[in-house]
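Report on the following structure.
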Amino acid sequence: VASAARRPSATVLGNTAGLAVLVAVVALGLGSVVEESLAVFTAVKLAGAAYMVYLGIKMLRDRHELARMLDAAVVPRGMRTMLREGFLVGVTNPKALILLTAVLPQFVDPKQGHVQLQIAILGLISLVLGMCTDGSWALLAGTARLWIARSPRRLELLGGAGGLILIGLGVRLAITGRKD
């Protein structure tokens, strides 16, 4: 199970690293720029949406090759790719940036000083909790991978469905507006 969870865990680590960049952006006060600027928000949103659509198309295109990709010889390169893709999804997540910008400051006490430090600590707590829950899902996914990998047909169906879901989520993200 440990080796089966490596690739999903790499995605979790990459995503957490991307979200850590967003926490730093919010802690430095730049999150409010994204919150206040429709142009910046739209640019971040569309970048995230485009990347999700790209991943979905790639997943659909490669669904027939999933069995070969599960080969142990491919894993080291795949881990770097999973880290990179997880990072890009995390760092281009406009909803996470807005959520961090809207939620974290509510728990900050300006009278205590060091507002940026308080936001950074709260953000780090959020990252640790997210990594624990996402890591649990990665372990579950790694276990499920062993069952799914036994059938090329299951792999193709999963790859196709996952690709369509990513494309749909990316399109939805691109067309939805801000809730003000």
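All values reported here derive from a predicted model rather than from experimental measurement.
Between Leu60 and Ile167, the closest side-chain pair of non-hydrogen atoms falls below 4.5 Å. Here the side chains of Leu19 and Leu22 are in contact, with some heavy-atom distance below 4.5 Å. Side-chain atoms of Phe87 and Thr16, non-hydrogen and from C-beta on, never get closer than 4.5 Å to each other. Residues Asn15 and Asn93 fail the side-chain proximity criterion, which asks for heavy atoms closer than 4.5 Å. For the pair Val108 and Leu122, the minimum side-chain heavy-atom distance is below 4.5 Å.
For the atom pair CE of Met79 and OG of Ser9, the computed distance is 8.0 Å after rounding to the nearest 0.5 Å. Considering CD1 of Ile121 and CZ of Phe107, their distance stands at 15.0 Å, rounded to 0.5 Å. Between the CG atom in Leu169 and the CG atom in Leu55 there is a gap of 11.5 Å [rounded to 0.5 Å].
Under a 3.5 Å cut-off, the side chain of Gln118 and the backbone N or O of Asp109 do form a donor-acceptor pair.
In this structure, Val23 and Leu124 approach most closely via the heavy-atom pair CG1-N, 4.4 Å. Nearest heavy-atom pair across Gly170 and Ala49 is O-CB, 3.2 Å. A pairwise comparison of heavy atoms in Ala27 and Ile119 identifies CA-CG2, 3.7 Å as the closest pair.
Val91 and Leu83 are assigned to two separate hydrophobic clusters, defined by single-linkage of ILVMFWY side chains at heavy-atom distances under 4.5 Å. Hydrophobic clustering of Ile, Leu, Val, Met, Phe, Trp and Tyr side chains at less than 4.5 Å, counting indirect connections, keeps Leu117 apart from Val26. Residue Val89 is grouped with residue Leu166 when hydrophobic side chains (ILVMFWY) are merged at heavy-atom distances under 4.5 angstrom, including chains of intermediate members.
Put simply, the residue from Ile165, Val171, Leu173 that forms a side chain to side chain contact (heavy atoms under 4.5 Å, CB included) with Met52 is Leu173.
Screening residues 81-90 for salt bridge (charged side-chain N to carboxylate O under 4.0 Å, His left out), with sequence neighbours left out, gives Lys58-Glu85.
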Quiz item: What's the verdict on side-chain contact (heavy atoms from CB on, under 4.5 Å) for Leu13 and Met131, showing C-alpha distance, side-chain angles and the deciding distance?
Solution: CA-CA 7 Å; Leu13 289 174; Met131 208 159 88; 3.9 Å; yes
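Every residue meeting the ring pair (Phe, Tyr, Trp, His ring centres under 6.0 Å) condition with Tyr51, not counting sequence neighbours, appears here in chain and number order: Tyr54.
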